[in-house]
Amino acid sequence: MSLSSSAFAVSAHSFSFKARRPKTPLPSSFQNPLRCNSTPSVPPLSRKLHPVKATILQEDEEDVVVEKSFRTTSFPGNGIEEVEASRGNSSSSSLERWIIKVEQSVNIFLTDSVIKIIDTLYRDRDYARFFVLETIARVPYFAFISVLHMYESFGWWRRADYLKVHFAESWNEMHHLLIMEELGGNSWWFDRFLAQHIAIFYYFMTVFMYALSPRMAYHFSECVESHAFETYDKFIKARGDELKKKPAPEVAIKYYTGGDLYLFDEFQTDRAPCSRRPKIENLYDVFANIRDDEAEHCKTMKACQTHGNLRSPHSYEEDGFEDTPDCMIPEADCEGIVDCIKKSLTPSQVKQIRTVERNR
């Protein structure tokens with residue numbers, strides 16, 4: 001009887017241990033590919049640690065998906081059955097998906113509308129169209145800088161890397177504009193009048209959009225830069241042979257092959273400094289490099305849509321140019337009116353869990 005009672009005690013203890021396991025194991029897909037060091041596995045010291053770990057990993061996974069695709073339909077479903085914190089996180093994710101969908105729908109509508117107008121007015125006048133596009137394209141970057149300086153004046157937060165990168169982007173777009181002016185794109189007064197007045201309206205619209213939701217403003221700029229890339233790509237494919245016979249403008253030679261290329265490297269946040277050094281031998285090379293610049297702008301705008309993901313390329317030199325989120329400059333938790341409202345509505349328990357995990 002003593003043996004049977006011991007066996008019964010062991011089996012009961014084993015059953016009790018199995019019953020304490022979470023019903024749904026944590027999937028291996030919840031690893032953040034942006035981190036250079038994978039999250040170390042933490043032994044389950046107590047039952048209370050499981051909701052914290054599950055919630056944070058689920059939040060990281062959603063951020064990664066947004067950064068890579070920026071489509072609301074690609075968000076994964078909530079596969080973890082946890083307590084109140086998980087429910088609050090799920091409702092927050094559902095609200096965020098809806099907000100992103102609205103933002104992107106508005107951006108696509110605005111971009112398509114402007115493209116149709118410009119394409120209609122400048123169907124057979126390429127250089128004039130490029131002049132208008134480049135006048136407009138540089139506006140968002142100093143609009144972003146204006147809002148960031150306003151935040152600094154209010155004492156809310158500072159973002160040195162954002163200011164550096166956005167200034168370098170506006171510097172690059174300004175040289176695109178100088179190239180188009182040297183090619184005669186601004187020779188007609190109507191083109192100057194139209195481009196400058198659109199730029200004024202575009203500036204105030206972008207300032208309002210960036211103050212409301214930086215993610216929306218960055219996505220809108222990504223749409224504009226994507227259109228610019230496609231426009232230049234079609235142009236050089238259609239008139240490549242003709243462009244190879246024409247000389248490059250002097251301003252393009254100085255900008256792309258000059259001695260100080262710090263700002264040229266600064267706006268290309270997806271590559272290491274000095275990794276791209278263009279050659280300029282003819283007009284074809286100029287437009288090919290402008291097209292490639294627009295592709296780099298597109299990558300930077302996509303990276304900016306993930307909060308706190310932007311960093312100056314020259315800041316990586318001491319790290320060996322590794323994408324290390326742990327070394328990021330501390331950013332404000334709230335970066336726009338929409339984001340502030342959303343986080344103010346987040347359940348207090350979820351906020352507390354995120355604060356505890358962030359301080360660990």
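Small disclaimer: the values here were computed from a predicted structure and weren't measured. Heavy atoms only: backbone and side chains are in, while hydrogens, waters and symmetry mates are out.
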**Study point:** Test log, rule side-chain contact (heavy atoms from CB on, under 4.5 Å), inputs Lys254 and His175
**Key:** CA-CA 10 Å; Lys254 290 182 179 179; His175 281 83; over 6 Å; no
Point to revise | Check against side-chain contact (heavy atoms from CB on, under 4.5 Å), Val139 and Glu173 | key: CA-CA 9 Å; Val139 168; Glu173 296 289 5; over 6 Å; no
Review point. Should Phe264 and Trp171 be marked as a side-chain contact (heavy atoms from CB on, under 4.5 Å) after you check the CA-CA gap, both sets of side-chain angles, and the distance that decides it?
Key: CA-CA 8 Å; Phe264 178 74; Trp171 186 258; over 6 Å; no
Point to revise | Derivation and outcome, side-chain contact (heavy atoms from CB on, under 4.5 Å), residues Glu103 and His219 | key: CA-CA 8 Å; Glu103 291 175 352; His219 179 264; over 6 Å; no
Exercise for review: Go through His227 and Glu230 one step at a time and tell me if the side chain to side chain donor-acceptor pair (under 3.5 Å) criterion holds.
Suggested key: CA-CA 5 Å; His227 168 69; Glu230 293 174 1; 4.9 Å; no
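Taking the six-membered ring for Trp and the full ring otherwise, the centers of Tyr141 and Phe267 sit at least 6.0 Å from each other. For an aromatic pair to be called close, the ring centres must be under 6.0 Å apart, and Tyr255 with His176 fails this. Proximity of the aromatic rings of Phe130 and Tyr232 is defined here by a centroid distance below 6.0 angstrom, and this criterion is met. For Phe220 and Tyr202, the distance between ring centers is under 6.0 angstrom.
Annotation: side chain of Met174 is not in contact with side chain of Phe142 (no heavy-atom distance under 4.5 Å). Contact annotation: the side chain of Val114 never approaches that of Leu110 to less than 4.5 Å [non-hydrogen atoms, C-beta and beyond]. In this structure the side chain of Arg129 reaches within 4.5 angstrom of the side chain of Asp119, judged on heavy atoms. Phe167 is listed as a side-chain neighbour of Ser170, based on a closest heavy-atom distance under 4.5 Å. Annotation: side chain of Ser221 is in contact with side chain of Phe144 (closest heavy-atom distance under 4.5 Å). At a threshold of 4.5 Å between non-hydrogen side-chain atoms, the residues Leu183 and Leu283 count as touching. Between Glu266 and Ser312 the shortest side-chain heavy-atom distance falls below 4.5 Å. Side chains of Asp191 and Arg125 form a contact here, defined as non-hydrogen atoms less than 4.5 Å apart.
Panel note: side chain Asn186, backbone Arg192; no donor-acceptor pair is recorded below 3.5 Å. Using a distance-only test at 3.5 Å, with no hydrogens or angles considered, no donor-acceptor pair links the side chain of Thr111 to the main chain of Ile108. Although no hydrogens or angles enter the test, the distance criterion places a donor-acceptor pair under 3.5 Å between the side chain of Asn282 and the main chain of Asp285. A donor-acceptor pair is defined here as one N or O able to donate and one able to accept, closer than 3.5 Å; no such pair exists between the side chain of Glu152 and the backbone of Leu148. Side chain of Glu296 to backbone of Asp292: no donor-acceptor contact under 3.5 angstrom is found. When atom types are taken as modelled, the side chain of Asn172 and the backbone of Ala168 share no donor-acceptor pair closer than 3.5 angstrom. A donor-acceptor contact shorter than 3.5 Å is absent between the side chain of Ser226 and the backbone of Glu222. Under a 3.5 Å cut-off, the side chain of Glu182 and the backbone N or O of Glu250 do form a donor-acceptor pair. The backbone N or O of Met216 sits less than 3.5 Å from a side-chain atom of Asn107, completing a donor-acceptor pair.
From Ile179, atom CD1 reaches atom CD1 of Ile290 across 4.0 Å, with rounding to the nearest 0.5 Å. Taken to the nearest 0.5 Å, the CD1 atom of Ile236 stands 8.0 Å off from the CG atom of Leu243. From Glu96, atom CD reaches atom CD1 of Ile99 across 7.0 Å, with rounding to the nearest 0.5 Å. Taking CG of Leu194 as the reference point, atom CZ of Phe131 lies at 9.5 Å (rounded to 0.5 Å). If you take CZ on Phe287 and NZ on Lys244, they are separated by 14.5 Å, rounding to the nearest 0.5 Å. Atom SG in Cys274 sits 8.0 Å away from atom CG in Leu261 (nearest 0.5 Å).
Across every non-hydrogen atom of Ala143 and Val207, the tightest pair is CB-CG2, 3.8 Å. A pairwise comparison of heavy atoms in Ala217 and Met209 identifies CA-SD, 3.5 Å as the closest pair. The two residues Tyr203 and Ser146 make their nearest non-hydrogen contact at OH-OG, 3.0 Å. Contact between Thr257 and Pro278 at its shortest, heavy atoms only, is CG2-O, 3.9 Å. Closest approach of Arg291 and Asp233 over heavy atoms only: NH1-OD1, 3.1 Å.
Met205 and Ile136 end up in the same hydrophobic cluster when Ile, Leu, Val, Met, Phe, Trp and Tyr side chains are linked at under 4.5 Å. Transitive grouping of hydrophobic side chains (ILVMFWY, heavy atoms separated by less than 4.5 Å) brings Val251 and Val286 into a common cluster. Hydrophobic clustering (side-chain heavy atoms under 4.5 Å, transitive across Ile, Leu, Val, Met, Phe, Trp, Tyr) groups Phe235 together with Leu121.
Remark: Tyr262 OH is packed, more than 12 non-hydrogen atoms of other residues, nucleotides or ligands lying under 6.0 Å away.
Using bins of under 30°, 30° to 60° and over 60° for the plane-to-plane angle, the ring pair Tyr162/His166 lands in the perpendicular bin.
A salt bridge (charged side-chain N to carboxylate O under 4.0 Å, His left out) with Arg276 holds for exactly one of Asp270, Asp293, Asp265; it is Asp293.
Gln196 and Thr135 share no side-chain donor-acceptor pair at under 3.5 Å. Using a 3.5 Å distance cut-off with no hydrogens or angles, the side chains of His297 and Glu294 do not pair a donor with an acceptor.
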